[in-house]
Amino acid sequence: MTKWDDLIENEELKKISKYKKSGYEKRYIEKNQISEYIEKGWEIVKENKNTASMQKKKRIGDAFEDEIWTLFYNMGFKIMNKSRNFEISYSDSNPNLTKQIDVIAIDDEVVILVECKESEKMNSSTTWKKELESINGYKSKLFNELKKRFPNKKYIYIFATKNYIIGQVDRERMDDFKIVNFEYDTVLYFSQLSAHLGSSARFQLLASLFPNTKINGLDNKIPAIQGKMGGLTYYSFSIEPEKLLKIAYVLHRNNTNRDNMPTYQRIIKKDRLKSVREYISSGGYFPNSLIISIDTRGKGVKFDSSSLQVEGAISKIGVLHLPKVYKSAYIIDGQHRLYGYSDSKFASSNTIPVFAFIDLDKKSQVKMFMDINENQKAVSKGLRNTLNIDMLWDSSKYLERNNALMLDIGQKLGEDKKSPLYDRIVTGENTNTKYRCITLEYIKEAFSKSDFFNEYKANNDLKKQGTFARRTNEETEYLILPFLKNYFTLISTECEEEWNKGNEGFLAINNTIYALIKILNDITNIQLKKDNQIIVNDSKVFFESIRPMVKKMCLTINDLSEKEKMDIKNAKGGAAKNFSWRILQIALRSKEPEFTNDDLELYIKEYCNDYRTIIMNVFDEVKFSFIDRVRITFEQYGDWYNDLITSDLRKELYLAIAEKSFNEGIEQNNISFWEVVTLKTMEKIIVYRKNWSDYLQVVFENKNGKKYTKTKVLSDIKMLTTIEN
């Protein structure tokens with residue numbers, strides 16, 4: 001029998017939500033049971049005279065089910081199950097044949113059934129053939145049972161997963177069976193959305209679950225003006241927000257919407273939405289129009305022209321018939337203004353102005369969004385990079401196509417769950433975290449400084465053939481993307497400890513990821529030269545040929561000194577990326593002699609050899625030449641050390657002679673004062689009394705015979721002292 005009594009609403013629903021939201025099971029027990037509960041993993045929350053409050057973390061599966069339950073509760077579903085024991089009968093002949101349902105959520109229009117599957121660790125090997133075929137077998141029977149109590153609603157079955165990578169065969173199976181997969185990215189997206197929108201997030205959910213499905217009872221006729229602009233037909237009208245909310249959809253840039261690419265909207269900001277709601281509640285209004293694209297799937301809209309028209313006017317007045325289906329109005333601009341009316345008493349009594357285009361393709365929507373926001377709140381650099389993938393992919397300029405390709409590869413490395421860089425790369429408007437700390441900008445720049453892709457001139461002529469470049473972006477990406485995944489998989493495995501530190505370490509951060517891509521480019525070029533090849537033909541076979549050197553690089557990374565690691569991690573500024581690359585290059589070169597090229601050898605020759613001895617010899621020549629000018633002049637004077645220097649300086653010189661005698665085993669009588677004179681000594685001699693004007697001024701001149709000033713000479717002494725130090 002169906003356990004109808006397990007369905008609850010109103011205050012009872014609110015009460016049970018407090019438990020569902022918590023990550024803990026809680027119990028009140030007798031005090032003498034405390035030790036028994038502690039042995040079972042419970043911990044004390046509060047201890048009273050005779051009783052105690054205990055808690056224990058929910059089991060993984062239970063916690064995920066409650067997370068899903070809470071998501072639908074926060075979205076405002078009115079009827080839900082109170083326990084995990086809710087069962088639905090799927091047999092008319094035998095009502096005792098039942099199916100347990102993890103979560104059921106019901107509102108005025110839909111009934112949603114959810115089955116939850118969670119793994120403690122990321123799992124890519126599990127297949128769901130048996131479970132999905134079973135769901136397909138009884139799904140319609142469950143719906144028929146529910147229709148007895150909840151008629152005239154839409155029904156859907158969700159298969160929610162956490163830490164499972166769903167394979168392509170299972171995805172196709174779910175599509176065939178009309179089962180919706182909620183991967184954890186989707187759960188997080190709608191959780192974030194409901195945190196901002198509250199129950200109004202339900203409209204976005206329903207649009208996602210029931211695209212192009214008819215909305216019963218929607219009054220879709222709107223007074224409107226038809227006009228033309230820029231070769232496009234548009235409609236201007238005013239509409240009650242509650243009507244538009246039902247058909248609206250916002251293409252948020254998020255993993256959840258990857259099947260709707262290109263997407264472009266920033267996630268709704270809670271603080272901004274709150275201020276909009278408060279403004280509306282106080283009687284405020286927004287006179288500027290929302291901009292939308294009505295999606296008719298190529299059918300066009302019905303527009304009944306009025307019999308009353310203005311003679312000679314291009315614009316027409318009449319009645320516009322909006323589509324009566326979910327997800328038929330894409331919000332290009334004004335999502336905060338629209339959602340500000342959700343859960344508001346003005347949602348049905350106010351109207352908002354709308355400027356609507358018909359069937360704008362997604363790229364045109366992206367361009368319009370970027371144009372609108374150009375002079376308003378700036379589109380973040382991360383989001384602009386992501387949008388440029390869609391904007392520039394088919395550009396007539398090959399340089400722009402290349403930029404789109406590089407950005408797309410970086411984005412796929414960060415969004416593919418099978419990639420070691422999954423959720424390590426900041427895409428769209430995702431925020432930085434301990435692990436998600438690598439930017440598309442750094443990856444794109446590393447690609448642009450590599451030889452992987454074709455280089456083009458401004459007139460589209462080929463400047464240089466790329467090692468992985470093919471005829472189209474799609475072909476190039478197909479070749480290089482698995483290659484990059486294999487490369488970073490090997491690094492993340494061989495250097496696992498450092499990789500798992502995220503931004504607390506030195507490896508999985510911008511500087512090093514840039515350096516690693518550049519190192520891969522070096523290794524690729526070395527191997528191609530060895531094979532007498534120009535391009536890579538089979539990336540899988542080619543990776544196996546470079547695997548030994550990549551493993552040597554992993555060993556090099558693990559053997560870096562703490563100083564080298566900190567140098568890479570703390571490097572700042574424009575040169576930091578190349579600095580990090582050079583550190584890895586030189587370290588790998590010392591372990592693997594085959595890792596070399598002309599550029600690296602020149603760099604080592606110019607920057608890494610020890611020129612200290614040569615430099616000091618040259619410096620000593622300059623310094624002693626400087627001192628000799630003073631020595632020759634003073635020795636002509638006679639008793640210079642009694643008359644031309646201070647008594648303190650004489651003591652310093654005597655002490656210096658004694659120290660030199662002790663250190664070098666030389667008799668003091670055999671050491672001249674001039675052997676221990678330093679640049680600091682020279683400074684003191686020059687400033688003493690009239691030494692400069694009476695004796696030294698004439699001996700300092702440049703090659704052209706121009707005399708130096710006292711200030712200039714003292715400045716040069718300080719400069720030489722700095723160099724010496």
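Just so it is clear, the values below take in all heavy atoms, side chains as well, and ignore hydrogens, waters and symmetry mates. We count residues from 1, following the sequence as given.
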(request) May I ask you to check whether F355 and Y234 place their ring centers less than 6.0 Å from one another? (result)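 That pair passes the under 6.0 Å test.
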
(request) Assign the ring pair Y155 / F143 to parallel, tilted or perpendicular, where the plane angle (0 to 90°) is split at 30° and 60°. (result)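 Tilted.
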
Return the set of residues passing salt bridge (charged side-chain N to carboxylate O under 4.0 Å, His left out) with [X] (not counting sequence neighbours), or none when no residue passes.
X    : value
D304 : none
D408 : K412
R173 : D170

Does [X] have any ring pair (Phe, Tyr, Trp, His ring centres under 6.0 Å) partners at least two apart in sequence or in another chain, and if so, which?
X    : value
F303 : Y235
F447 : F453
F86  : none

(message) Under the rule for side-chain contact (heavy atoms from CB on, under 4.5 Å), what residues qualify as partners of K162, not counting sequence neighbours?
(response) F64, E67, E118, Y184

(message) Suppose we screen for side-chain contact (heavy atoms from CB on, under 4.5 Å). Which residues come up paired with E12, at least two apart in sequence or across chains?
(response)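 Testing E12 for side-chain contact (heavy atoms from CB on, under 4.5 Å), a comparison that skips the adjacent residues, returns I8, K82.
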
Other residues, nucleotides and ligands only: do more than 12 of their heavy atoms fall within 6.0 Å of [atom1] on [X]?
X    : atom1 : value
K20  : NZ    : yes
K18  : NZ    : no
K316 : NZ    : no

So which pairs with a foot in [range] pass salt bridge (Lys or Arg N to Asp or Glu O under 4.0 Å), sequence neighbours left out?
range            : result
residues 201-212 : D107-R202
residues 206-223 : D219-K243
residues 291-301 : none

(request) Please say which of E109, Q204, K246 ends up in a side chain to side chain donor-acceptor pair (under 3.5 Å) with Y326. (result)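 By the side chain to side chain donor-acceptor pair (under 3.5 Å) criterion, Y326 pairs with just one of E109, Q204, K246: E109.
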
(request) List for me each residue that meets side-chain hydrogen bond (donor to acceptor under 3.5 Å, both in side chains) alongside S348, sequence neighbours excluded, and say none if there are none. (result) none

